[in-house]
Amino acid sequence: MSDRSRRTLSRRSALGLTAGLGLAATVSPSLAFGAAPAPSAYPKGQRPRVLNVFAEDSLSLPERTLATTLQGLMARRGGESLYLNLPTLGYQHWLDGLVSQYGVRVRPGDLWNTVKRSGVPGYVLFRAGTPSVNVATTLAGVTGAVAIEESLEPLAIRNGLRKVLDVRDKDDRWVFETYWPRLRHDVAVEQRADIPERLRDYVTMTGSLAFFDGNSEFRAEVVDALDDDGTVIGWGDASAGEDAFIGVNSATGVKALPADHARNLSVLSGIREDRLRQHVPAQAPTPDPDAHYVTFLITDGDNIQWALGDFPTDPRWFGSPRRGEVDLGWGISPSLIDLAPSVMRWFYDQSRKDRWVVGPSGGGYMYPSRYPAAALDKHTASLARAMGRADLSVAQIIDFDAFENTRLWSSYLKRPEIDGLIYLEYSRYDGLKGKVVWSEGKPVISARTMLWEGLDGADEASVTAELNAATRNPHSTAGYSVVVWHAWSKSVDNVLSVVDGLAPHVKVIPPDTLVHMLGKHAKP
């Protein structure tokens, strides 16, 4: 790409766009279908009234791409849409909640009859397993046509669809250079070409760019073209470590929402909740002078696909039959208040002795020390609004050697909605051993220890011994411990094995309660 083209495509160039809106005046996919703008941090679908429900495994891979791009187009109008169900994962919960809590009707799906009723007139032709699937998904949002894999073209023609574009020889760079002024600039979706359905409904509904190019120079151009504090929804190439692409995002003022296996966001985002409240009250005990206070907090709460998928059903995590035996801290993405508010509501309704905090590093996964200052201030302002709506008061942070930089934390903690931060050093999370710094009179608390399979001192016996030997003094920051447990190698059972071995003076409390107590009783 020429230097002149680079400047043209930079988000800091003109293009005549309003920051945060991201659609050029010449095309507005949501408004083209009669939707009114919603006061949301993310683009939202319209509320569904009837869902044609498909078991995802009943559809072929090409049919799934057709179904999800159709779903995205129908979600712009509301009323009738479709839903891909995976009954063994959380998607059955979300479907049941749409019916019981929001009055949505369901019926068995018939794909080609749904196509006919939708009124969609045409299709964009692509070839499976090539970048053209991302091109077709993107251009479905621009043209209002569904994406059709070449093996389905005869069926599409027999069902009255006409070919709008043939993009079988096109790639992500071509669609970026050709159509960028007609796409959203606040959101893009990073999705591999070998995934036929996941997130594609949201791409089409929002009129966003779908792309995937590893950790290339082209990828860097895409994220640099996004608005300040824009969002890449999906996941990049982590073969060289996730910092290989999260670092590039952060340097350009862009966050990530891990969501490459998420389904039905166009439908779930069509529900609106102005505010939600956690059902377990946050009650701080009167400090015991002979106690040490500890909280257990899971990692990876920023992960949207996991929250929608097996997190609520798997016995390692929220689906554990032992959940509720002790106060536990869980991470959640505040984006769910807009992207899937019925899902957030379900988690709150199902909480027994559970409290929720914001996953890393606020509104999405990024490294605050690498974020441009103006983008960080925009990020934390949006984060605070979402936290207020979602009854969240504490956020986790992941960063590199940034703990002492209280200027960074001021951007978060000057917001009245945010009571404190829990800091995780990128490697390893407990490297600062419970140290606390203060900004705006509020604490930034590092993890004292962690549960993580295969790491020295991170096994159950070592963590139990460390907590039992820790300082007993609620008026000292040393009197409090944050234990983070690694979601992918440890479970609720592992946490409870530590709890079962704690001495009577070690008191387990939720993470936001610990932040509140430390902030109130252990002032510097």
ask   = Got Val106 and Val50 here, is their nearest side-chain heavy-atom distance under 4.5 Å?
value =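 Counting from C-beta outward, Val106 and Val50 never come under 4.5 Å.
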query = Is the NZ or CZ atom of Arg323 positioned over Phe318's six-membered ring, under 6.0 angstrom from the centre and within 45° of the axis?
reply =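 Yes, Arg323 sits over the ring of Phe318.
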Hey, are [X] and [Y] close enough for a salt bridge, meaning a charged N less than 4.0 Å from a carboxylate O?
{"X": "Arg219", "Y": "Glu190", "result": "yes"}
{"X": "Arg345", "Y": "Glu273", "result": "yes"}
{"X": "Arg107", "Y": "Glu80", "result": "yes"}
{"X": "Asp237", "Y": "Arg192", "result": "no"}
{"X": "Asp228", "Y": "Lys378", "result": "no"}
{"X": "Asp166", "Y": "Arg127", "result": "no"}

Indicate whether any N or O donor in one side chain lies under 3.5 Å from an N or O acceptor in the other, for [X] and [Y].
{"X": "Trp94", "Y": "Ser342", "value": "no"}
{"X": "Asn249", "Y": "Arg370", "value": "no"}
{"X": "Thr204", "Y": "Thr69", "value": "no"}
{"X": "Tyr371", "Y": "Asp229", "value": "yes"}
{"X": "Arg200", "Y": "Thr65", "value": "no"}
{"X": "Ser216", "Y": "Asp213", "value": "yes"}
{"X": "Asn52", "Y": "Arg117", "value": "yes"}
{"X": "Asp201", "Y": "Thr68", "value": "no"}
{"X": "Asp419", "Y": "His516", "value": "no"}
{"X": "Tyr83", "Y": "Gln71", "value": "no"}

request  = Scan Tyr91, Trp488, Phe347 and name whichever one has a ring pair (Phe, Tyr, Trp, His ring centres under 6.0 Å) with Phe311.
outcome  =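 The passing option is Phe347.
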ask   = Among Trp317, Phe296, Trp330, which one satisfies ring pair (Phe, Tyr, Trp, His ring centres under 6.0 Å) with Trp485?
value = Trp330
key: Contacts of type salt bridge (Lys or Arg N to Asp or Glu O under 4.0 Å), residue Asp302, not counting sequence neighbours   =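 Partners of Asp302 under the salt bridge (Lys or Arg N to Asp or Glu O under 4.0 Å) test: none.
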inquiry  = Please tell me whether Trp180 and His185 form a close aromatic pair, meaning their ring centres lie under 6.0 Å apart.
reply    =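 Yes, close enough.
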task = Assess whether atom CZ of Arg352 is packed by more than 12 heavy atoms of other residues, nucleotides or ligands within 6.0 Å.
result = yes
